[in-house]
Number of protein chains: 2
Amino acid sequence: MASVRTRLDVDVRREQLLDAGVELFARRSWEEVSIDGIAAACGVSRGLLYHYFKGKREFYVASVERAVQRLHEEIEPELTLPPTAQLLTGLQRHFAGIEQHADAHTLLLGVAAADEEVAAIVARDREAFAQRVLAGMPGAGGSSPLARATARAWIGSVEAATRELIASDGDVTAEQLVAVLAESLVAALLAAARLDASIEVPPGIDGLAGGGIVEAIVASWSDDPPGERPGGAEQPVP
Amino acid sequence: MASVRTRLDVDVRREQLLDAGVELFARRSWEEVSIDGIAAACGVSRGLLYHYFKGKREFYVASVERAVQRLHEEIEPELTLPPTAQLLTGLQRHFAGIEQHADAHTLLLGVAAADEEVAAIVARDREAFAQRVLAGMPGAGGSSPLARATARAWIGSVEAATRELIASDGDVTAEQLVAVLAESLVAALLAAARLDASIEVPPGIDGLAGGGIVEAIVASWSDDPPGERPGGAEQPVP
DNA sequence: GAAGCTATTGGACTCTGATTCAATAGCTCC
DNA sequence: GGAGCTATTGAATCAGAGTCCAATAGCTTC
């Protein structure tokens, strides 16, 4: 295509290729994407791809990893906030950034979990998310199988909600989904705690269920800015 | 492989091939499975596969469809129960049948949503599920975008919970997950109704949140057997 | 147990698309 | 502006999906 051969720095080229990979694999499935297609889309020769990646598969996996990485950078946790608030802001940012990173999300949501390597990447990503969800629960919360399963199940609903938001033409808003998901997480964790005595629910959360969770959390941390609260970083919402 | 050639009725053979397909594609990904591999695993020649299916892809799609179909047969709704109870029994059966249909579940959970055709099958399946979830909500519930999004998001958590149960070595039980999910659905729908006035929540559900939902629903319909209640089929839980 | 029907086989072929590698040519530094 | 380094190319190769079909052999029926 581009008859002019341009010589780039290795890192730059690699990033460029991977970004194109994220975009391509978000739109078309594995079989539909050919090495030549990738090369053409990148304005680069077939051979170059093989110089950077061992093959189509490695390129694909690297693209998935890049997508995960891009989304992670976007949602760096505010370590100064209490865990519950970290989770909420993370969720808000996640939904706020959906259009901007639609490709990365589409790729990750569309990935085949049947593929071991790719599934492992996605699983690691989910696990990090689950840890954040459970960070708000001191005591045995994090280590109880039911608590973990509950957190992961809830993450499934966050993913589905993401799909909805990407697919919807604005007839559902990010704010609505955040509120619904927050409510549903609190209810799920309370239900889990009722079933498994080893799960300790922080006292603040206990009184939260039943509406206005988002507002309650927001209020709890804006009344009390993180900088002014010693050791606040690790405290759950009071 | 099997040197003995066995001649079967067309329908029987087709089913046999598809069942093998569900099993194969549940364990290995699309690329890992070759036509010859499929044939060998089925104890059948390459040529026969092409006699029954136009190619690898058609075989794959048909396998996915078969998986969906198998799971549907298992969870036939009890039309005599009120919608809420239908949903609950459906959920219970779904989890109860997980081991038995682990292959079909694994296949469906592992399928690449990036593949249009396959994604459509899965989407249709989810949609049927979503309709059942919303069936308990009279009025505008079913047609509100937020209500639908909420239902689909919750279905995402059911799928994730299914993954958990398949992966767990029995340290989480189906009953626990059903309880957690039920609680979380009610909370989510109530939250959605609070945000969107057009969503009407049946009065019975309103008082349900906060523990013991499963018990409440079970009690509500066992006190009052469906056969004895005229028109009961369409009534929500009182 | 012979005939007929058709499910089943397997090998030879084509074709698409992944992979390899020796040759080519930007870029930088002197 | 020439030398050297290495990013980049594209023709050659290879693997396996997809195709075709004449030969084979279960099952049924008489």
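Note that the structure is predicted; figures quoted are calculated from it, not measured. The sequence lines fix the lettering, A, B, ..., with proteins before strands; numbering per chain opens at 1.
- Annotation: proximity of residues 47-56 of chain B to DNA chain C (heavy atom, distance under 4.0 Å) is found for B:G47, B:L48, B:Y52, numbered in ascending order.
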* Could you run through nucleotides 24-30 of chain C and give me one letter per nucleotide, 5' to 3': B if any protein heavy atom sits under 4.0 Å from the base, S if only the sugar-phosphate is that close, - if neither? => BBBS---
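- A salt bridge does not link A:R28 with A:E23: every distance from a Lys NZ or Arg NE/NH1/NH2 to an Asp or Glu carboxylate oxygen is 4.0 Å or more.
- Atom pair A:D36:CG and D:dT9:P shows a separation of 13 Å (rounding to whole Å applied).
- When the nearest nucleotides of DNA chain D are assigned to B:R46 and A:S45 by heavy-atom distance, the more 5′-ward of the two goes with A:S45.
- Considering only the side chain of A:S34, C:dG17 comes nearest among D:dT8, C:dG17, C:dT9.
- Proximity of residues 26-33 of chain A to DNA chain D (heavy atom under 4.0 angstrom from any strand atom) is not detected for any residue.
- Regarding contacts with the backbone of D:dT8, a side-chain N or O of A:R13 is found under 4.0 angstrom from either OP1 or OP2.
- Atom OH in B:Y60 sits roughly 14 Å away from atom P in D:dG18 (whole-Å rounding).
- Here the side chain of B:Q86 pairs a donor or acceptor atom with the backbone of B:L81 at under 3.5 angstrom.
- A salt bridge is defined here as a Lys NZ or Arg NE, NH1 or NH2 lying under 4.0 Å from an Asp or Glu carboxylate O, and B:E76 with B:R93 fails to meet this definition.
- Using a cutoff of 4.0 Å between basic side-chain nitrogens and carboxylate oxygens, A:R148 and B:D171 are not scored as salt-bridged.
- A straight line from CD1 of A:I38 to P of C:dG17 spans 12 Å, rounded to a whole angstrom.
- The nearest whole Å value for the distance from the CD1 atom in A:I35 to the C1' atom in D:dT9 is 15 Å.
- Residues B:L185 and B:L189 meet the side-chain proximity criterion, which asks for heavy atoms closer than 4.5 Å.
- Judged purely by atom type and a 3.5 angstrom limit, B:E58 has no side-chain atom pairing as donor or acceptor with the backbone of B:G55.
- B:W30 and B:F25 have parallel rings, their planes meeting at less than 30° on a 0 to 90° scale where 60° marks the start of perpendicular.
- In summary, B:E32 and B:R27 do not engage in a salt bridge, as defined by a charged side-chain N under 4.0 Å from a carboxylate O.
- As a whole-Å value, the separation of A:E58 CD from C:dT19 C1' is 13 Å.
- A donor-acceptor contact shorter than 3.5 Å links the side chain of A:K56 to the backbone of A:V33.
- Considering every non-hydrogen atom in both B:E164 and A:A149, the closest pair reads OE1-CA, 3.9 Å.
- Taking the six-membered ring wherever Trp is involved, the centroid distance between the rings of A:H105 and A:H94 falls below 6.0 Å.
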